[in-house]
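Before any comments, here is the structure.
First the proteins, then the strands, lettered A, B, ... as listed; each starts at 1.
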Amino acid sequence: MFLKFKHAVESVLEKALDSTGYPTDNLRIEESAHADLASSVSFGLASQYRENPAVIAKKIADAIMIPADSLIGKVDVSGPYINFSASKQFLEGAVHAILGEKEFHGADNKTSAGTGTETETGSARGKVIIEHTSANPNGPLHVGHIRNSVIGDTLSRVLKKAGYEVEIQYYVNDMGRQIAIVAWALDRFEFDRQKKSDHAIADVYIRANLELGEDPDLVGEIDALMQRIETGDEEMVTRFSDATDLAIAGITSTLERMNVHHDLFVHESEFVRSGEVNNFVQELVERGLVETVDGALMVPMPELGKDLVIRRSDQTSLYVTRDLAYHRRKAEACDRVIDVLGADHKLISSQLCHVLSACGIQEPEIVIFEFVSLPEGSMSTRAGKFITTDELLDQIEKQAFLEVTKRRPNESEDFRNRVATEVGIGAVRYDIVKVSPEKATTFDWKSALDFDKLGAPFIQYSHARACSILEKADHANESIDLALLTGDAEIALIKELARFEYVIDSAARELKPHVIAIYARELAEAFNQFYRLMPVLSAPRDLRNARVGLVECARIVLADVLDVLGIAAPESM
RNA sequence: GGGCCCGUGGCUUAGCCAGGAUAUAGCGCCGGCCUUCUAAGCCGGACGUCUCGGGUUCGAAUCCCGACGGGUCCGCCA
């Protein structure tokens with residue numbers, strides 16, 4: 001509804017500018033504390049026409065014609081600003097749109113699932129392949145990896161909500177040097193079957209790296225393994241895939257716990273076996289993009305200041321070579337290719353894009369996030385310096401259980417366990433997604449387990465409050481007179497609800513998941529203010545019905561926004 | 001040394017790309033509100049040279065240049 005409102009504002013403003021003879025291509029429409037939307041177009045015109053901006057604003061506003069039944073209710077001028085406010089039609093339309101779409105929930109409609117996603121035409125916008133997490137299978141996910149998972153998973157959900165068909169992929173490194181080390185280590189050291197498999201893999205991997213560091217002669221053994229895997233040596237293929245499977249099994253169970261899902265696990269080795277890697281290298285040779293230096297093939301990249309090796313002098317391929325083949329396959333299969341990558345991949349991914357572009361292949365949209373470090377420095381799987389996600393989830397659930405027990409001491413242990421899980425996982429996800437990806441963060445236990453500061457329970461609590469009212473209201477399907485909702489808190493809540501689809505749309509376009517987190521908080525805030533000021537159940541009958549309808553809207557959108565964040569929406573907590 | 005990112009109250013953080021009306025919110029701090037739909041809530045208050053210095057502009061947290069501080073990358077690793 002908000003998008004439509006914005007379009008309506010653009011339309012009337014454009015007409016008024018035409019009729020007053022102030023053509024401009026920049027309407028300067030912005031969100032504002034003083035109106036639902038405002039335009040500061042007069043400033044630009046003022047310098048252009050050497051007139052007082054307030055005078056221009058007045059002239060334009062006087063020329064604005066608002067059609068009957070418009071979503072725009074009122075236009076007024078405040079100095080140089082032209083302020084637009086939403087109409088009764090907007091408010092009622094917003095409520096009906098949310099209530100009306102309730103029937104679609106659970107119907108698995110692939111087009112504009114959910115609340116008010118009235119973007120585009122309602123048909124799917126196209127297919128997107130998003131790759132995220134893709135952590136090396138040499139150990140468990142640590143608290144840095146899950147920043148990738150949470151950003152990627154939230155974006156996937158945003159894109160689905162915005163009407164895209166989404167396929168989520170995990171790119172499994174099953175033939176790189178690290179995996180050769182794991183395979184080598186599994187032969188050399190005992191594998192602890194009592195432990196979660198990804199943790200046990202890390203144990204032998206860390207030990208192997210220690211030995212390799214002490215005795216550099218052993219490095220030759222790793223090189224030998226890598227040459228054998230490159231030629232498709234069967235024993236080696238089995239050893240490598242056994243090793244990666246063990247780690248991936250542990251990793252997926254952690255992701256499952258976090259409510260993060262992948263549709264497809266794509267293995268690097270596929271691209272070597274299928275010949276796609278060789279074909280790609282061959283194509284680069286034919287296009288004259290490569291040079292041979294000391295027996296290795298490289299693509300010169302003077303503009304990036306760093307040439308890119310795509311085949312070693314021993315003829316084996318590199319990570320980036322396989323990744324090129326992978327990206328070609330993805331580009332051919334969808335409309336948008338999205339990669340979520342850590343900041344350390346900046347250079348290599350711009351090199352990758354460079355090559356893809358030279359070959360006329362669609363480049364991926366890359367979402368880069370900065371590192372999560374520990375107070376004592378950066379994390380390293382190889383050195384065993386990391387905090388695992390499993391450990392964090394265990395701790396947060398334990399802490400959450402104490403918090404639930406403190407507040408609901410009389411509930412069953414079962415109830416408290418369930419809520420603790422929902423609140424704990426939600427808190428972890430929210431805490432990660434709320435900060436914009438380009439901000440480097442430092443993990444510390446005190447703040448990670450601080451439920452006074454964590455944001456998810458606040459939003460979940462609002463949802464639970466809405467559910468509680470609805471349960472007591474016994475939901476008679478009576479007609480609702482929305483004209484009765486005239487309180488500031490009611491109107492503010494409706495406007496906030498109407499922004500949902502707009503927020504989804506911009507998050508999907510700009511690939512910024514944290515705006516969803518911010519919006520969720522603001523929506524919960526608006527609902528809590530309404531809750532405090534506007535009694536629902538004790539209100540006179542018609543007003544009560546109208547407010548119950550509004551609470552139902554809030555419940556739907558709160559559940560929707562929590563779903564987009566991958567956070568559970570408890571009915572009671 | 002070069003590239004990229006970040007620098008907003010004691011701490012964390014939004015806004016910056018598309019410059020405009022009193023700079024966002026949380027934690028912490030001070031003070032109110034549970035005989036009323038779950039107080040994981042609501043309301044009020046204190047706390048800011050938006051790192052610093054120039055520049056562009058009627059107007060700069062936002063754009064440009066230069067410092068400074070922090071992170072990160074610069075492998076025939078991934």
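Between A/Glu376 and A/Lys385 there is no salt bridge, since none of the side-chain N atoms of the basic residue sits less than 4.0 Å from a carboxylate O of the acidic one. A salt bridge links A/Arg547 and A/Glu490; the closest N-O separation between the charged side-chain nitrogens and carboxylate oxygens is under 4.0 Å. Under 4.0 Å is where a charged nitrogen must lie from a carboxylate oxygen, and between A/Arg509 and A/Asp505 at least one such pair does.
Within the nucleic acid shown, A/Ser538 has no heavy atom closer than 4.0 Å to any nucleic acid atom. Heavy atoms of A/Gly305 sit nowhere under 4.0 angstrom from any nucleic acid atom.
Contact check of residues 365-375 of chain A against RNA chain B (heavy atom, cut-off under 4.0 Å) returns A/Glu370.
The cationic group of A/Lys453 does not satisfy the cation-pi geometry with A/Phe451, failing either the under 6.0 Å distance to the six-membered ring centre or the 45° limit from the ring axis.
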Next item on the list: For A/Glu411 and A/Arg418, run salt bridge (charged side-chain N to carboxylate O under 4.0 Å, His left out): C-alpha distance rounded to whole Å, both residues' side-chain angles, the deciding distance at 0.1 Å, then the answer.
Entry: CA-CA 11 Å; A/Glu411 295 290 343; A/Arg418 186 173 51 72; over 6 Å; no
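Not one side-chain nitrogen or oxygen of A/Lys346 sits closer than 4.0 Å to the OP1 or OP2 atom of B/C74. Listed pair A/Arg465 / B/A39 meets the phosphate criterion, a side-chain N or O lying under 4.0 Å from OP1 or OP2.
Under the 30°/60° scheme for interplanar angles, the aromatic rings of A/Phe530 and A/Phe527 are found to be tilted.
Put simply, NZ on A/Lys434 is 14 Å from P on B/G15, counting in whole angstrom units.
Nearest to the side chain of A/Ser47, among B/A21, B/U38, B/C58, sits B/C58. Here the side chain of A/Leu537 is nearest to one of B/C37, B/U22, B/G28, namely B/C37.
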